[in-house]
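Chain letters run A, B, ... following the sequence lines, proteins first and then strands; every chain starts at 1. Hydrogens, waters and symmetry mates play no part in the numbers below; they use all other heavy atoms, side chains included.
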2 protein chains.
Amino acid sequence: MVVIPFQQGTNAERSRHRNRQAVLGQVRAAGTMGRAEIARALSLTTQTVSNIIAELVADGMLVEKGRLSGGRGLPAIQYGLNPKGGYALGIEVRPDAVFAALLDMQGKPVSMERVALQGTRPDSVLAEVSGLYARALRQVSVAKDRMLGAGIVMPGPFGVTGISGMGSDLVGWQEVDAEHLFAEAVGLPVVLSNDANAGAMAERVNGVAQGIHSFAYLYFGAGLGLGMVHEGQLIGGAFGNAGEIGHVPVPGGKLEDALSRLSVQRHMAAAGKEVTGIDMLDQLFLQKDRDLMAWLESASTALGHALAIVENMFDPQTVILGGAMPDAVLDHLVTHAPLPQVSVSNRPEVLHPRLMRGASGRMTATLGAAALVLNRALTAPLSYAN
Amino acid sequence: MVVIPFQQGTNAERSRHRNRQAVLGQVRAAGTMGRAEIARALSLTTQTVSNIIAELVADGMLVEKGRLSGGRGLPAIQYGLNPKGGYALGIEVRPDAVFAALLDMQGKPVSMERVALQGTRPDSVLAEVSGLYARALRQVSVAKDRMLGAGIVMPGPFGVTGISGMGSDLVGWQEVDAEHLFAEAVGLPVVLSNDANAGAMAERVNGVAQGIHSFAYLYFGAGLGLGMVHEGQLIGGAFGNAGEIGHVPVPGGKLEDALSRLSVQRHMAAAGKEVTGIDMLDQLFLQKDRDLMAWLESASTALGHALAIVENMFDPQTVILGGAMPDAVLDHLVTHAPLPQVSVSNRPEVLHPRLMRGASGRMTATLGAAALVLNRALTAPLSYAN
DNA sequence: CGATTAACTCAAATCATTTGAATATTCAAT
DNA sequence: ATTGAATATTCAAATGATTTGAGTTAATCG
């Protein structure tokens, strides 16, 4: 494992980098902003912001958006992100296929591709990934130096042997430094994470969590995952495996026994119906299939438990539900899950609904992989002064 | 509510502050260090570290500790924290009393006092607090400008009405800005938190979590609380109420039904034994009281559930158990709790035991209140460069 | 004993932000 | 319609903090 320095000092160069990040992030969050406005938001002087903006405009990251006359005084020149100023690559590795997406700085996907995998051995996966990356660049004609980085999503958990038989661990990836390998394959800085974390970032960058800095994201993968975002940053845990909420015991068993894709499939199989894909679930839901509705009943209860756990432990602004389920099913769960009474989130006045459905659809994890990069590039973490 | 800026830019002054923090933190963690060593650890130049150290020595925060000859070359001058260089005030407000502790920069308590409360109205509490603070300063003859800040611990949760009947909410504090009031009363920067968070910091600053950057702390208060430390910083949640793990549903009911001080008291009362204090529990445990042992049996099971939740959701380096329980009882729980099989923490090789007993004893929360301040003063959060 | 290694210091250079002065534009009051 | 206050921006000089480079000191290795 790479030794992560626990503390780092800073200098002029790092300060500049941080301030650039902050300016970009601020502009992205607001759409368009003027120099003075940005300066106030970041506790910088207008001159500093002015210098940075000049640089960012020269680099093609920002573009002028005309003057906005509103209040008194000289109308501020508005600046907005230049979507073509930077791109992020998102890669999702599944046991049977690799997905790639290229997102512009705005968070909009500009290319997508899927390649089937023969095996999951590192060599072949890496070769496919380089190919996907090269094709994406060519297809959209993006210069390599416009790339901000690559986000990789793989089935976790990473580096643990205690949980086996999950069937999700990729063969051949146990003993390798995946992050390093991918970084070499694409020649970019790499962020490696799991599907739930990526999904959370997808919602933050482009979905319903825009402008929300602390939230939790419940993700239907094969099992059930959780992404936690605190002050704009993911909480990954000491070993990168935080959020494995599926394994958590609740009344009635493990959470993912009642609330996961495997759980529906098992339930429906017991009723003699083999569920092969998401579309089929969608069909069954439309038909109000009795067995599916029965499963939803118990799943809603389980979701209530999950909420009680997540809300009380993490106290987020909201909880978002997403992943490999039809939107209609997610919506049903969102409206039918019992919101726990005994919860710190049970407030008299609320700014956000306690539970929402995610907006990223089925490609959540792939888009989220790229969103991991965007979030890192556009967010300067808070530091505490005295 | 105070609007917390989500991002902030930085400048020369803030950089310096941050670097000072980082140097102090590094020295504290290592005991003694030389300039070049610190520079390497923080990715700064030796010259920068030299300048900062000169300043810190002049300010009385660091002291020279002689030369250490080990390898080749000029032996480095070692520097260590000057315990008297700074002090942190810790205040714990309980429904019936206020506790105050003064910690030096090393984390060692230099004064402690308890004052009984008539009522918990803000005026009277604040008056007692100012008094305690003034007496502590006089008693240890600490100059006011040596104070780094004050940490306040109060029963939470803060600003929630959904959970009532907990009996822990302080009367008269619902509608006031406690942080501001305390800051005015003592004339210091204030950190406000709950007992579990404070306890976690106590362990980090002076207990078994020294050198551990990501861990979780289970705290026996009236109920059961959880403090989560991630990369050296507390995770407070969006509204400051993260860690209310007691309310979480597990097989058999809410977690704190089986695992809390109230739970033992109820259990023992049902057996006709009124438990009035910790000492009495200690006695009963020594005598291997049958009813207490029965409670411990079920409490251990519950603790196993708690571990499964905390480990899988947060993936910490370790979980620490502490709070208002006799050490012997905590030890019993630590040894008897079933370590969950299905957990991301169930690793083949471990650096830290998965479950440990805290070392701060009964004054955990008060000491922790001050530790909150020390941690903030000595830890520069990581930022991510590209 | 000389070569090498490493820590430290001084002075000058560099980088980035801040300060101060000047200008442009709009709103609001007279 | 005119004037004054408020706000946004820019330019040039000043400031604050880190970095660079040369030089000194001290210990170990061969």
With a 3.5 Å cut-off and sequence neighbours excluded, list the donor-acceptor pairs that the side chains of residues 23-36 of chain A form with protein atoms.
| residue | atom | partner | partner atom | Å |
| --- | --- | --- | --- | --- |
| A/Arg28 | NE | A/Met105 | O | 3.4 |
| A/Arg28 | NH1 | A/Val205 | O | 3.1 |
| A/Arg28 | NH2 | A/Gln106 | O | 2.3 |
| A/Arg28 | NH2 | A/Val205 | O | 3.0 |
| A/Thr32 | OG1 | A/Gln78 | NE2 | 3.3 |
| A/Arg35 | NE | A/Ser50 | OG | 2.8 |
| A/Arg35 | NH1 | A/Tyr79 | OH | 2.6 |
| A/Arg35 | NH2 | A/Tyr79 | OH | 3.4 |

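The phosphate of C/dT18 (OP1 or OP2) has a side-chain N or O of A/Thr45 nearer than 4.0 angstrom. In terms of phosphate contacts, B/Arg16 brings no side-chain nitrogen or oxygen within less than 4.0 Å of OP1 or OP2 of D/dG16. Within the structure, a side-chain polar atom (N or O) of A/Asn19 is placed less than 4.0 Å from OP1 or OP2 of C/dT17.
Here C/dT9 is the nucleotide among C/dT9, C/dT18, D/dA17 with the atom lying nearest to any side-chain atom of B/Ser50. Candidate nucleotides D/dT19, D/dT18, C/dT17 were compared by shortest atom distance to the side chain of B/Asn11, and C/dT17 ranks first.
Each salt bridge (charged side-chain N to carboxylate O under 4.0 Å, His left out) pair with one or both residues in residues 39-63 of chain B, not counting sequence neighbours, appears once here: B/Arg16-B/Glu55, B/Arg20-B/Glu55, B/Arg20-B/Asp59. Within the structure, no pair that satisfies the salt bridge (charged side-chain N to carboxylate O under 4.0 Å, His left out) test touches residues 62-73 of chain B, not counting sequence neighbours.
Where B/Tyr79 and A/Glu55 meet DNA chain C, the nucleotide closest to each residue was compared, and B/Tyr79 sits on the side nearer the 5' end.
By the side chain to side chain contact (heavy atoms under 4.5 Å, CB included) test, B/Lys144 is found to be paired with B/Tyr133, B/Leu137, residues two or more places apart in sequence or in another chain being considered. The ring-ring contact (aromatic ring centres under 6.0 Å, His included) test applied to A/His213 returns B/Phe6, not counting sequence neighbours. Residues passing the side chain to side chain contact (heavy atoms under 4.5 Å, CB included) test with A/Ala12, sequence neighbours excluded: none. Listed by chain and number, the residues in a ring-ring contact (aromatic ring centres under 6.0 Å, His included) with A/Tyr87 amount to none (sequence neighbours excluded). Considering only residues two or more places apart in sequence or on other chains, A/Asn11 meets the side-chain hydrogen bond (donor to acceptor under 3.5 Å, both in side chains) condition with none of them. A/Phe215 pairs by the ring-ring contact (aromatic ring centres under 6.0 Å, His included) definition with nothing, not counting sequence neighbours.
The neighbour count for A/Gln210 CD, taken as heavy atoms of other residues, nucleotides or ligands under 6.0 Å away, is above 12.
Defining each end axis of the helix from C/dC1-D/dG30 to C/dT30-D/dA1 as the rotation carrying four pairs' C1' atoms onto the next four, with five pairs an end, the two axes are found to diverge by 10° to 10 degrees.
Between B/Glu13 atom CD and C/dT19 atom C1' there is a gap of 14 Å when expressed in whole angstrom units. Following rounding to the nearest Å, B/Arg20 (CZ) and D/dG16 (P) show an atom-to-atom distance of 15 Å. If you measure from atom CZ of B/Arg14 to atom C1' of D/dT18, you get 17 Å, rounded to the nearest angstrom. Across the protein-nucleic acid pair, B/Asn51 atom CG and C/dC8 atom C1' stand 12 Å apart, rounded to whole Å. Atom-to-atom, CD1 of A/Ile52 to P of C/dC15 comes out at 16 Å; the value is rounded to the nearest Å.
Contacts with DNA chain C (heavy atom under 4.0 Å) in residues 31-40 of chain B: B/Arg35, B/Ala36, B/Arg40, listed by number.
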With the criterion being N/O to N/O and under 3.5 Å, what pairs connect the protein with nucleotides 20-25 of chain C, and how long is each?
| residue | atom | partner | partner atom | Å |
| --- | --- | --- | --- | --- |
| C/dT25 | O2 | A/Leu74 | N | 2.9 |

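When each of B/His352, B/Arg204, B/Glu203 is paired with B/Ile212, the side chain to side chain contact (heavy atoms under 4.5 Å, CB included) condition holds for B/His352 and for no other.
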